[in-house]
Structure formats: structure tokens, C-alpha cells
Peer 1: 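For reference, the structure I am asking about is given below.
Letters go in sequence order (proteins before strands), and every chain restarts at 1. The structure displayed is predicted, hence computed values, not measured ones.
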Amino acid sequence: MTIPSTAASAATPVSTDPGGSTVPGLRLSGISKVLGGRTIVDDLNLDIAPGEMVSLLGPSGCGKTTTLRLIAGFLLPDQGRVEVDGAEITSLGPERRPSAMVFQNYALWPHMTITKNVAFPLKVARVPRAQIKERVAEVLELVGLSHHADSRPAHISGGEQQRAALARALVQRPKLLLLDEPLSNLDAKLRVRVREEIRDIQQRMGITTVLVTHDQEEALSISDRVAVMSEGKIEQVSTPAELYRAPATEFVAGFIGSSNKVRALDLGEGEPGVEWVVRPEDVRVDPEGMPGVVTRVLPHGHYSEVAIEVRGTDLRAFVTGEAPAPGDEVGVRITRALRYRNGTLDEAPVTVSA
Amino acid sequence: MPTMARNLGGRILTAGLIVLVAGFILGPLIWLGMHAFATRWRYPNLLPDGLTLDWWRVVFAEPELFAAMQNTLFFAPVTVLLSAIVCLPAAYAFSRFSFPGRRIFLVGLFATNAFPKMGLFVAMATVFYGLNLMETTLGIVIVHLIGTVVFMTWIPAAAFSSVPRSLEEAARDAGAGKIRVFRTVTLPLALPGILVACVMSFLASFDEAQGTYLVGAPSYMTMPTEMYSLVLNYPTQVAAVFALLLSIPSVVLLLLTRRYIMGGQLAEGFQIR
């Protein structure tokens with residue numbers, strides 16, 4: 001059984017506390033940015049609770065990096081307000097904002113040692129020398145880089161450079177941590193480990209965090225909530241589970257996970273303006289169902305992705321256990337589907353009983 | 001084995017090329033060095049008739065030649081310093097800001113190198129007479145500056161451009177103001193390029209003869225302008241001694257900067273994508 005839920009509005013305000021009395025850790029209200037005659041960020045609203053980690057997820061060119069740069073202060077919005085912990089910072093330069101950023105290419109200064117890189121923000125802030133030493137040692141310990149304190153950035157591995165960049169951000173004790181695709185330059189195995197480390201540190205320190213990524217697995221696995229962006233707007237902000245279970249728009253449904261799009265549940269003509277989205281795991285191979293023919297089988301390890309042609313439509317199904325072979329005649333049953341009218345989810349996910 | 005034959009052939013070819021290049025570069029230098037210490041060395045003889053230090057004594061005893069050395073050692077550093085003060089901000093602007101006419105200015109800097117130098121200097125001399133700059137220190141410095149502008153603008157501009165923006169942004173994000181970012185990130189990373197430009201400018205000023213002769217002679221003689229009269233009025237050996245002296249600063253400078261520029265720091269800077 002699925003729990004009915006109303007379709008989420010395009011930009012869900014915060015959240016967890018219905019009273020709404022808490023001051024958000026970050027509030028973007030109606031920010032817009034035009035660059036080179038193109039609207040990159042279009043009247044965007046987002047509230048992030050203190051200590052929350054929110055991912056901006058979307059295809060390249062959707063405006064997620066621009067949004068992050070607007071938060072960091074490298075760009076100033078044409079319209080709208082940026083607030084951190086209730087204080088407006090809309091027109092401040094990056095050096096006066098309480099945020100710290102981890103850059104995609106790490107942006108470590110090659111002519112300084114790791115210690116000097118990490119100490120730089122404190123030196124600029126005129127922290128007393130003894131305290132700088134202490135805090136740098138502490139944060140290097142936290143990210144596990146104490147043994148590379150005196151190395152140059154070029155002499156340590158990509159993963160270590162990434163952690164040094166994180167240390168340089170954390171040492172400032174920022175109110176807001178900004179991560180710009182911090183894992184995209186790491187190899188797949190390392191990426192999974194480092195993202196868990198980042199999440200662990202973020203939760204322990206309770207820093208409000210914005211992560212920009214195009215990798216949905218990364219966004220879904222370590223965020224409290226995910227904001228899916230498209231063409232400068234936020235399509236939906238939800239918890240990872242909700243995002244997958246009830247995508248508010250057809251775009252989100254197509255972007256998150258894999259899915260089948262059909263006109264009607266019986267694969268007939270259907271109604272005008274209505275489309276159904278069916279997750280492959282909700283397509284069951286069942287002798288009682290609609291007759292179909294297996295056209296392709298793609299093994300993925302513990303499950304197989306099976307393409308089945310049913311009444312002239314190609315359906316994808318995830319089959320665990322023994323998969324049918326191409327050419328087999330099978331029955332197909334849809335157990336759960338999402339209904340979209342003109343691109344937006346118009347009712348609760350439909351569960352089709354046996 | 002064909003591969004071994006090819007290897008051997010390749011080695012012979014490489015060795016041949018090395019000898020050829022060494023001959024072209026070192027040949028004249030050896031010839032100069034021999035002459036500087038030779039009593040007499042004429043064509044059919046493979047070796048000089050005798051060895052002597054007399055020619056060195058002649059050079060150092062001649063007050064004019066000594067004054068020329070002093071002049072040169074004054075004009076070259078002053079030129080580099082002024083050139084840096086004028087051109088480095090321009091180089092930064094060319095690299096970081098886009099303004100109307102940027103390309104025209106940048107290419108226009110080559111104009112001074114596009115014309116025959118002598119024609120340019122004659123035209124300048126006309127102006128200099130009007131401004132009473134002939135035979136003045138300022139006049140010579142201006143002539144020297146013109147020869148360094150291209151080096152001091154183009155090379156540092158490229159060096160500034162090669163500093164990734166994100167490194168500067170990271171410093172801004174860490175709380176540093178624009179001047180601090182320039183001082184602690186941009187300038188140190190562009191320094192190897194700026195040093196190359198300084199060395200090139202120093203050598204350009206050090207070797208500048210035509211313009212200096214036209215504007216400065218006879219009151220201000222530098223080593224290169226003195227070379228002209230040496231070649232005409234003294235035995236070959238004195239010119240050889242002077243030429244050797246003239247090459248010392250270049251060699252010393254190149255050796256000094258080579259260590260720093262090839263020291264890997266530049267390469268490290270470029271590893272950052």
C-alpha cells in the first residue's frame with residue numbers, strides 16, 4: 001500500500017516544523033540572474049533549515065552552479081534576496097559572507113603547503129597565531145590529513161586534495177558550507193567513500209550545507225532534501241524517498257531513476273493530456289497479466305533489466321531471480337503507477353491491485 | 001636486426017645534430033674566447049701564436065670603456081624597473097578585464113617592433129630635439145623602455161591569464177580582499193612569467209645599441225655603443241674581450257632564472273585544472 005500524498009508544489013517552503021518559527025539557515029527568495037541575455041536562474045525560492053544538507057540536482061545548464069555562485073557571492077542576483085541565519089547578505093562580496101565553498105577542482109593554492117592553505121582563511125581573519133595552529137591541526141586531524149600537513153597540493157592524491165579543500169572550508173567554521181560538485185574528479189569507489197565522510201562530518205558539525213551535483217545517486221544518498229532544478233527553476237524539493245516515490249512533475253519523474261512512460265495503464269489510447277509513469281520495479285512478470293514478448297535482457301548483477309514489448313509498447317521491468325530469455329512469451333502486470341496531467345502529478349500514486 | 005640498425009642510425013643522426021648545433025652555438029664563442037687571450041691569431045694557424053692578458057688590461061685601463069660599463073649597469077636595471085612599473089598593471093588589465101580596444105592595444109604594442117628600428121629612432125630623435133631630450137639620461141631610458149614594452153606586457157599578461165580564476169575565487173571566499181588576493185595568490189603564481197619578462201627586458205636594454213647611439217652619443221656611451229668604435233678603432237682582440245664582458249650578465253641571469261623557472265613551481269601551478 002502507498003500512502004496518498006498531494007502533489008508537492010514547485011518550491012516547497014521549509015519543512016519539518018509546521019509552526020515555521022525557526023529562522024532558516026539559508027533563505028533564497030525570488031532570486032533571478034540573467035547572464036549573456038539568457039535567464040539562468042529564474043525567480044528561485046528555497047529555504048534550508050539550520051544544519052540541513054540540501055542538494056541542487058539537475059542536468060548541466062539547469063542553473064545549479066549559478067545558484068551556488070549567487071549564494072557564495074561570486075555573482076550578485078539581479079533580483080531577490082539571500083539570507084543566512086536571518087541576516088541579509090544579498091549585496092555582500094564573497095569575502096564578507098559567512099559561507100565557505102569547496103570548489104570542483106579544489107582550487108588549492110599550489111605555492112602553499114596544505115597547512116598554509118588551510119591556515120589562510122584564519123590568517124586573513126586575524127586569528128591569533130597560536131589559535132590558528134591549534135585549529136588547523138584539529139581540522140587536518142578531522143579530515144585525516146595530518147601526515148600531509150607540509151606537503152604541496154601537487155604531491156598528494158586527488159582524494160587527499162579534496163579533503164584538504166574541505167579542511168580549508170571547515171576551518172572557517174562557516175555558517176554555510178557550499179560544495180560545488182566536490183566529488184566529480186574522483187574515481188567511482190573513492191567517490192562513495194568520500195561522500196559518506198563528507199556527510200558524516202556535516203552531520204557531526206551540524207553545518208547548513210548546499211551540495212551541487214549532477215549525479216542523482218550522490219544527491220539521493222547523502223542529502224536531507226534534494227532540490228531538482230530545470231531551466232533555472234526548482235521543480236521539486238523533497239526528501240530523497242519522497243522524490244522517488246512521488247515526483248511532482250514529469251521532468252522529475254524522468255530525471256530521477258528510470259521509468260516507463262505510457263498513455264494508459266492498459267497501454268491503450270488513454271485520455272488527452274494524461275501520461276502515466278511506471279517504475280521498472282512496478283512492472284511484474286506474471287502469467288496472469290497482459291501478454292508480451294521479451295526483446296532484450298540486460299543483466300545488472302543481482303537483478304536484470306528486461307525489455308518487454310506489450311501491445312506495441314516497450315516496457316522496462318526489473319526482474320530479480322531468474323530472468324526470462326529474449327523471445328520468451330510472458331505476461332506483464334503493472335502494480336503501481338503515477339498519473340500526470342499536463343506534466344504535473346495530479347493525484348496519489350495509483351496502486352493496481354492484483 | 002632491423003630495429004638495432006634503426007636504433008644505431010638514430011643515434012648517429014642525433015649525435016650529428018648535436019655536433020652541428022654545438023658547432024654553431026659554441027664555435028663563435030670559442031673563437032671569441034681564444035682571441036681574448038691571444039697575442040696574434042691569423043688564418044692559416046690552427047692555434048694562436050701566444051697567450052697574453054694584455055688586452056684585458058687595455059680594456060680596464062681605458063677610462064671610456066670603464067664608463068661605458070658603468071652606464072650600461074645603470075641603464076639596464078633602471079629600464080627594467082620603470083618598464084615593470086608601467087607595463088605590469090597594463091598586463092594585468094589585458095589579462096583580467098575586457099575593455100573596448102583591448103585587442104587593438106595588445107596588437108599595437110607590436111608596432112614598435114614592426115618597423116625598422118633605425119627609422120623609428122630617427123623620427124624619435126626629431127621629437128627629442130624639440131623636447132631637449134637628446135644626450136640626456138631620460139632620453140636614453142625612454143629609448144630603452146620602448147624595446148621592453150612588448151616583453152613586459154605580453155609575457156606577464158599570459159602569466160596572469162594562466163592563474164586559474166578559481167584559485168582567486170577561493171581566496172576571496174576565504175575572506176581576502178581584492179588586493180590581498182592579488183598579493184598572495186595571483187602575483188606569486190604569475191611570478192615565473194614576470195621574471196622571464198624581466199630577464200628579457202634586461203637583456204634587451206643591455207644590448208640596445210642603435211637608439212642609444214643616436215640619442216646618447218657622444219655624452220653617454222654604453223657597452224653596446226662602445227662596441228662600434230672598438231670594432232673600428234682597436235685590434236680584434238680588444239673587441240673580443242669586450243664582447244665576452246658583454247655576454248657575462250646574460251649568461252649569469254639565464255643560469256639564475258633557469259633554476260627558478262624550471263624548478264617545477266610553474267608546472268605545479270598548471271596541474272590545477
Peer 1: Have a look at B/Trp154 and tell me which of B/Phe160, B/Phe94, B/Phe110 forms a ring pair (Phe, Tyr, Trp, His ring centres under 6.0 Å) with it.
Peer 2: B/Phe110
Peer 1: Is it the side chain or the backbone of B/Arg180 that comes within 4.5 Å of chain A heavy atoms, both, or neither?
Peer 2: side chain
Peer 1: For chain B, find which of A/Gly93, A/Ser99, A/Ala125 contributes the most heavy-atom pairs closer than 4.5 angstrom.
Peer 2: A/Ser99
Peer 1: Rounded to the nearest 0.5 Å, what separation is found between the CG atom of A/Leu179 and the CD atom of A/Gln162?
Peer 2: 8.0 Å
Peer 1: Side chains of B/Tyr220 and B/Thr212: any donor to acceptor distance under 3.5 Å?
Peer 2: no
Peer 1: Can you tell me if A/Arg96 has over 12 outside heavy atoms packed within less than 6.0 Å of its CZ?
Peer 2: no
Peer 1: Heavy-atom distances under 4.5 Å only: say whether A/Arg126 touches chain B with side chain, backbone, both or neither.
Peer 2: neither
